[in-house]
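Throughout, protein chains are lettered first and strands after them, A, B, ... in sequence-line order, and every chain is numbered starting at 1.
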2 protein chains.
Amino acid sequence: MNAGRTARERARAELTEEIKGAARRQLATVGAEALSLRAVSRELGMVSSALYRYFPSRDELLTALIIDAYDALGSAAERAAGGDDLLAEWVAIYAAVRDWARAHPQEYALIYGSPISGYKAPQTTVEPAIRVPLLLLGLLQRAQVGGRLAVPTDAPVPTGLLAQQTEVLVPLAPDLPPAVLMRTVIVWTQLFGMISFELFGQLVGSMDPADEFFESTSRQMAAFVGLT
Amino acid sequence: MNAGRTARERARAELTEEIKGAARRQLATVGAEALSLRAVSRELGMVSSALYRYFPSRDELLTALIIDAYDALGSAAERAAGGDDLLAEWVAIYAAVRDWARAHPQEYALIYGSPISGYKAPQTTVEPAIRVPLLLLGLLQRAQVGGRLAVPTDAPVPTGLLAQQTEVLVPLAPDLPPAVLMRTVIVWTQLFGMISFELFGQLVGSMDPADEFFESTSRQMAAFVGLT
DNA sequence: CAGAATCGAGAGCAGTGCTCTTGACAGTGA
DNA sequence: TCACTGTCAAGAGCACTGCTCTCGATTCTG
């Protein structure tokens with residue numbers, strides 16, 4: 001895949017990756033807010049100004065790391081998917097997301113923590129960001145056609161929400177009824193709320209360690225969304 | 001309440017509050033990571049080094065702001081509580097928490113966003129931090145004694161979780177059955193996960209604006225936890 | 001092969017958190 | 001009332017940051 005490129009282009013691509021790697025390493029140890037371009041350049045043995053040839057600003061470097069983090073998390077979740085037992089698959093996706101987050105807390109904080117002030121997420125981040133919810137929707141869709149989805153009937157979806165769903169959610173999972181779509185969003189927010197609480201220390205003193213709580217919750221949320 | 005204090009003590013208390021006020025104003029505009037001691041001191045017309053007489057470090061100032069934020073959020077939620085209709089009260093608490101978060105996004109990010117690197121939350125923050133979940137537990141407790149709580153029976157609580165609950169959760173709400181305690185934690189994580197998603201831009205494109213989604217979810221979560 | 005594009009190096013600017021010293025002031029016991 | 005003690009704001013200074021600009025060298029391209 002590197003054929004037809006000049007030596008300069010190959011060197012540039014390689015160095016760009018090296019910079020991201022060094023930045024990721026630094027991110028893991030000192031955190032996003034303390035990520036320093038000068039420290040990255042020092043680790044690579046180059047001068048800080050040279051780094052600006054590859055990333056026009058610190059924010060651009062962070063954006064690259066954000067996209068990579070979304071992709072890494074999405075890949076980890078997708079690796080956990082598959083198999084014939086839908087409920088086991090659901091629980092496995094939950095576990096994979098949590099495991100990745102615990103293994104890469106600073107990268108998780110980068111994508112699900114406080115937004116960087118003055119930083120506006122470009123449209124490029126949207127696609128990798130929705131891989132996990134898309135995975136859940138896909139699983140539920142498969143459950144629906146397989147008759148393993150019990151559609152909740154106790155709470156009708158308000159008309160305003162129906163309109164919002166039609167715009168973006170329905171195209172992603174056309175077979176799922178509105179009540180399930182609604183609950184999928186709830187479950188999605190719960191999943192990352194729970195992981196954030198565990199990682200950011202909010203659970204300390206109540207449900208920490210959270211292993212059992214997490215596994216049990218993943219099953220309760222499966223039931224909540226109608227997966228039997 | 002200021003009686004018996006020397007002029008120096010009064011001046012010190014006043015200036016401490018002024019510093020926090022200026023810091024809060026700056027926090028609201030530039031965010032936590034960009035909060036600068038020098039900018040705060042400039043706004044107050046003093047020299048930056050003088051500020052260290054009141055807060056030994058930037059982290060200490062942030063800690064003070066964190067505690068104040070927890071307290072402000074807790075107070076806002078508690079103001080929404082009360083009344084005779086428990087379900088309406090539940091929904092009102094949800095709305096109050098969301099309203100406060102939307103009115104003070106940077107302060108919210110300070111307490112529920114990514115933790116500040118190298119910063120360890122002191123024990124002092126725990127008490128103001130649990131005011132909201134305590135409020136929900138208290139409401140459910142009142143529902144329980146009033147016979148308005150339908151205890152979920154479909155999913156038994158694992159023994160390991162029972163042990164964890166006994167240690168901290170049960171003393172806070174001795175009358176509530178384990179299944180309700182478990183679901184209260186789930187609901188708690190969902191609430192703040194949902195608010196974080198809205199504030200941090202994760203909902204953009206799906207459920208934004210989130211007014212209807214939020215209100216509807218608050219009712220579904222009430223039902224989930226057994227409140228009728 | 002000459003011109004254009006790109007590269008890393010280095011100096012420099014404005015800003016940061018934080019420390020240390022200095023001189024002025026308030027509070028207190030004799 | 002006076003002297004002592006602790007506290008105060010001020011200022012200089014250190015090591016660091018993101019970022020810009022210029023310069024000479026290297027690499028690609030017509």
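- Atom C1' of nucleotide C:dT16 and atom CD of A:E33 are separated by 13 Å, given to the nearest angstrom.
- Side-chain nitrogen and oxygen atoms of B:Y52 include none within less than 4.0 Å of the OP1 or OP2 phosphate oxygen of C:dC20.
- Taking 3.5 Å as the limit, the base of C:dG15 and the side chain of B:R38 contain no donor-acceptor pair of atoms between them.
- Looking at the side chain of B:R58, the nearest of the listed nucleotides C:dG8, D:dC28, C:dC18 is C:dC18.
- Using a 4.0 Å cut-off between a side-chain N of Lys or Arg and a carboxylate O of Asp or Glu, B:R10 and B:E14 do not qualify as a salt bridge.
- Nucleic acid contact for A:S57: sugar-phosphate only, since backbone atoms but no base atoms lie under 4.0 Å from a heavy atom of the residue.
- With hydrogens and angles left out, the side chain of B:S49 and the base of D:dA9 share no donor-acceptor pair within 3.5 Å.
- Whole-Å rounding puts the B:E14 CD to D:dC8 P distance at 14 Å.
- Between A:R10 and D:dC28 there is no side-chain polar atom (N or O) within less than 4.0 angstrom of OP1 or OP2.
- Using a 4.0 Å heavy-atom criterion, one finds that A:Y54 contacts the sugar-phosphate atoms exclusively.
- Nucleic acid contact for A:L51: none, since no nucleic acid atom lies under 4.0 Å from a heavy atom of the residue.
- Looking at B:R131 and B:S75, their side chains do bring a donor and an acceptor atom within 3.5 Å of each other.
- When heavy atoms are screened at a 4.0 angstrom cut-off, A:A11 is found touching no nucleic acid atom at all.
- Rounding to whole angstrom units, CG of residue B:L62 and P of C:dG17 are separated by 10 Å.
- Per the geometry, CG belonging to B:L37 stands 15 Å off P belonging to D:dA10, to the nearest Å.
- The side chain of A:S36 places an N or O atom within less than 4.0 Å of a non-bridging phosphate oxygen (OP1 or OP2) of D:dG18.
- At a threshold of 4.0 Å, the pair A:K20-A:E17 counts as salt-bridged, since one of the basic side-chain nitrogens sits closer than that to a carboxylate oxygen.
- Atom CE of A:M46 is separated from atom P of C:dC7 by 10 Å (rounded to the nearest Å).
- Rounded to a whole Å, the CZ atom of B:R12 is 16 Å from the P atom of C:dA26.
- In this structure, B:Y112 and B:S196 approach most closely via the heavy-atom pair O-OG, 4.3 Å.
- Centroid-to-centroid, the aromatic rings of A:W100 and A:Y108 stay 6.0 Å apart or farther.
- Atom CD of A:E9 and atom P of C:dA5 are 15 Å apart (whole Å).
- Rounded to an integer number of Å, the gap from CZ of A:R53 to P of D:dG24 is 15 Å.
- Backbone-only contact: B:L35 has heavy atoms under 4.0 Å from sugar-phosphate atoms and none from a base.
- Backbone-only contact: B:L15 has heavy atoms under 4.0 Å from sugar-phosphate atoms and none from a base.
- The base of D:dT26 sits with one of its N or O atoms less than 3.5 Å from a complementary donor or acceptor on the side chain of A:R8.
- Comparing A:A50 and B:R42 against DNA chain C, the residue whose closest nucleotide sits nearer the 5' end is A:A50.
- At least one donor-acceptor pair under 3.5 Å links the side chain of A:S206 to the backbone N or O of A:L203.
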